[in-house]
Structures are given as structure tokens and as C-alpha cells.
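The structure appears below as C-alpha cells.
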2 protein chains.
Amino acid sequence: MITRLFLQSHRVPALSADDSAALEAASSGTASFAARRIMVREQTPLDKCTLLLSGFVERYKDMPDGRRQILAIHVPGDFVDLHSYPLKRLEHSVAALTPVTVASFPHDAVRALTERSATLTELLWRSTLIDAAINREWIVSIGSRGAAVRLAHLFCEMFIRLGCVGMTRDAEFDLPVTQIDLADACGLTAVHANRMLRQLRERGLVEFRQGLVQILDWDRLRDFAEFDPAYLFLT
Amino acid sequence: MITRLFLQSHRVPALSADDSAALEAASSGTASFAARRIMVREQTPLDKCTLLLSGFVERYKDMPDGRRQILAIHVPGDFVDLHSYPLKRLEHSVAALTPVTVASFPHDAVRALTERSATLTELLWRSTLIDAAINREWIVSIGSRGAAVRLAHLFCEMFIRLGCVGMTRDAEFDLPVTQIDLADACGLTAVHANRMLRQLRERGLVEFRQGLVQILDWDRLRDFAEFDPAYLFLT
DNA sequence: CGATGATTTGATGGTATTCAAAGTCGGTGG
DNA sequence: CCACCGACTTTGAATACCATCAAATCATCG
């Protein structure tokens, strides 16, 4: 059941057995990547999409001056580059944050799915648009929230998204990234991210160390981060 | 020909006469909105999509503290909220920047289009994903470019996008927004945006006043803004 | 156990925000 | 037609926030 986590995180109420089987069968196989390995380089023509089965993946853009902006962090069950089907190439790169396993879905097979079922089409399309909604929430975060709030918001988002695929334990979860990664995602320097993380810890909101996030007070963290999960479209 | 500008800006090489006619016929009619009118309020259930025929539209989110983050600026030919078809509601609001005319496409009609043609499906899907790619470029801009560069980049983007629909004149174009809007789009205060606009003018790159953008030196502006139109997927 | 990459801390400077006020522009009504 | 009004633009001064530079400490791993 390669597509189990994908369907689980999208709370699909009713997908016919037929559609479900067709989606599962559309995969052409699985693959693995080592941690920190570049999986897709920007502008490379693509002919298949990648469903993340295990591990964490980032989408990012490198800037001419050496800066790096992370655009998305993907968790198991995410269709990392489903948008390559209509676009044929990506304008950003994709890399593994940890060792990962993925399933491949050839563009031809995706097209066949869309010809077969409008419901499947809507599900897949919807999945790419939830990614876009997350992109927009990051615009809000980076554009109009302070540094500490940005980090807190990211932790809230990951807590909810990982919870959907059963990857949280009570009030903690693994987020196997460095402070540099957090900084690159939030549009901060690593130094400043470090100071803000300390502040979040000292305020008793959330603690991050070595890829482990411990939520100290969910209610206060949520309020501090102005976090409203509506943009994740879980309902 | 309601869909003329949409098809023009997406450089569709070959859409069958049938598909083209079906798309055109999917519209349920047109409507108008006054400038600064809210067209869609966030979280309202939607049953139709909106194609912008004339005028400018913004997508934005209001923050609890009164700040406002603009997420996208739409020009004629843009399917402003096509993503409401798979999502059923929007996590942001939509408002007219100028007087606008739009064409409506009921979700049912869009679904019928996807059942009818995989090529049309791909075209519509692709259109929503180009919006997402623009969202991501804004993340890059806001997250890792300085204020003046952000503004310059936005002017470059609008110049190219408006050029696609024939709304530029030589080296100038109308961008009927206020400095406050520019600031809200770029994650700046209006005061700082004003200072940076002066800097851009004094550097001889681009001049903005009263909704008119005049490009003083395109090559230098493009370089200054680190602008690469690849993310617009025009080819 | 050195080497490498990540985290932490300090000092300093630059960028952008905030607060305040004056100036400009269009539009409206007397 | 002109005075007035509100919204936008522009400027100044003080401050806050975040970046930069530098160096020390801490992990982790070959």
C-alpha cells in the first residue's frame, strides 16, 4: 500500500475501490536516496512524479550570493513533485533531508489516471494546491511575522502535518533538520534562528534540539504563533 | 472570446477546436466589481471559479494586528481562483484593485471539462501551478532579497506578465496600485517602500508614480533584481 | 582522536520599523 | 470654481530587529 499515507493525510472520504487500486497501480516502482542527496535539479525535464514513502525532503532555491531559500519541507505521504506533471520541469531543486524512500509515478500513468476518473483528478490536483496554500502561508509568515513567531509557526505546522501520518508522539516529534535549515526556511540567518530558538525555549513554548521538537505548551505556542490550521485543508 | 487572454498567456501550442470551444462554453456568464471591492472572503464555500477579463485583482490575508499580506496580483487572462475547484474554499480573500470584469465558471462545468479532456485538465491544472510557482518566487523574494531588490523584482515580473497579454507599452505599463499595496506585497512598511522606490528612481532603474511604472534601464533593472522569468513557465 | 559540520555566544553595523508631521493629489460639495 | 476632505506620498528622527563578523564550544563520525 504505497499510497496509504497519501490518502490518509488527505482525509479522502470516499474513493472507489477501483480508483484506489488504479492509483496504487500507477506507480512504476520505488527508489531510495541518501541524506542530503539532490533528487531533482531545477529546470531538468521530468517524466515522473515522486511520492515520499519515508524520510524528509526539502524543496529549495539557491541564490547567486550563496543564500538558500527553502520553499517546502515534505513528510511521508506527500507527493513531492506532483506539480511536475502539468509543468514538465521544476523551477526549484529537491533534496533529501534524511535517507528517503520514494515511489515513482510516470507522467503517462498520471495522465491515464486523469482520463480514467474525475474524482482522482480532483484528488491529485487538490494535493498540489494544498502545497500551494502552504507556500502562501509561508509568504505570510516570512512577510509579516517576527522571527520567533515564524519558527513557532513552522513547528506548529509540522506538528499537525506529521500528526496526520502518525509521526508525532504525544507532544513531541522528530524534525531531522539543522538550525541552518530552519533559518533557510524562515528567511533568517542561522545565528538569529539560534537566538530565537533559545527564546522559545526560555518562554516555555517549544524546544528544538538535534532534530527533536518538544512542545512545552501547545496552547500558548499556538497563540504565540498565530497558528490556524485552516490552510492545511484537513477537513 | 472570453478565454482569449487566458490561452494567450499560457502559450498553448495546440488545443483542439473542440476543447477550445468547450472551455469557452463552460462559462456561466460575466460580472463586474467596483475598485477595492472584496470579491471572495476567506473560508466562504465556493461553487464557481473566476476568470479575470479586465482590471487588476489581489489575493491577500489580513493579520490579527492589522497588517495585510498580499499573496498575488492578478492581471487579465488570469484564472484568479481556479484553485477553488479542487479546494472548495479559499484560505485567503480576493479583492478588486481596480474596476474589474470577470467570467464565472461553475465547478460543475470545470469538472465536466476534466471528464471530457485530459489535455484541458492539464492546461487548467498547469495554470494553478504557475500561480504556485509565482507564490514560491515571492517566498524567495521576501525571504532572501533586500527591500529595493524585492520591489524591482516585482516590477520585472509584472512587466513580463502584462507583456504576455499586451498590456505594456514599450518600456512602461500601468500598475494601478498604491505604495501601500506594493509594501503589503513585499512584506515592507509603506514608509520604507517609499524610500526604496526613490532609490530605484535615483539609480535610474525604474520609476513608479501613481500607478504608472516606467522602466528606465531594463538590463540593469533585471540584473539588479536577479530576475529570471523561468518561474513563469512561458515557454 | 583529529576533522568536519553544527551550535552557541559576543560585539557591532545596517536595514527596516515606528512614530510623527507635513505635503500632494483627486474628488466632492458648497 | 474653489475650499475642503480623505487617501496617499514624502520626509525626519529615534528605535528595534536582524545580519554580519569572529571565535569558541559541542557533536558526530570516519
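Every chain is numbered from 1, with letters handed out A, B, ... down the list of sequences.
Taking each heavy atom of B:Gly55 and B:Leu52 in turn, the nearest pair found is O-CD2, 3.2 Å.
Rounded to whole Å, atom C1' of C:dG13 lies 15 Å from atom NE2 of A:His192. As rounded to whole Å, 13 Å separates atom P of C:dA6 from atom CG of A:Asn194. Look at CZ on A:Arg198: it is 11 Å from C1' on C:dG10, rounded to the nearest Å. One atom, CZ of A:Arg201, and another, P of C:dT7, lie 12 Å apart when rounded to the nearest Å. Between the C1' atom of C:dT8 and the CD1 atom of A:Ile180 lies a distance of 12 Å, rounded to the nearest Å. Distance CZ (B:Arg209) to C1' (C:dG26): 16 Å, rounded to an integer number of Å. Atoms CZ (B:Arg67) and C1' (C:dA16) sit 10 Å apart, rounded to a whole Å. Note: CD1 (A:Ile142) to P (C:dA16) measures 15 Å, nearest angstrom.
A:Trp138 places none of its side-chain heavy atoms less than 4.5 Å from the side chain of A:Leu71. Residues A:His153 and A:Val140 are not in side-chain contact: their nearest non-hydrogen atoms beyond the backbone lie 4.5 Å or more apart.
Backbone-only contact: A:Gly187 has heavy atoms under 4.0 Å from sugar-phosphate atoms and none from a base.
Extent of DNA chain D lying under 4.0 Å from chain B heavy atoms, first and last nucleotide in 5' to 3' order, is D:dC8 to D:dA13.
A 6.0 Å sphere centred on CZ of A:Arg4 holds no more than 12 heavy atoms belonging to other residues, nucleotides or ligands. Heavy atoms from other residues, nucleotides or ligands lying under 6.0 Å from CG of A:Asp170 number 12 at most.
Ionic pairing of B:Arg203 and B:Asp217 is not present here: no N-O contact between side-chain nitrogen and carboxylate oxygen is shorter than 4.0 angstrom.
B:Ser54 and B:Thr101 share a side-chain donor-acceptor pair at under 3.5 Å. Inspection of the B:Arg136 and A:Gln69 side chains reveals no N or O donor paired with an N or O acceptor under 3.5 Å. Side-chain contact, A:Thr128 with A:Asp131: no donor N or O sits under 3.5 Å from an acceptor N or O.
DNA chain D is contacted by both B:Thr178 and B:Arg195; B:Thr178 maps to the nucleotide lying nearer its 5′ end (nearest heavy atom per residue).
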Please tabulate, one pair per line, each protein N/O and nucleotide N/O from nucleotides 23-25 of chain C that are separated by under 3.5 Å, including the distance.
none

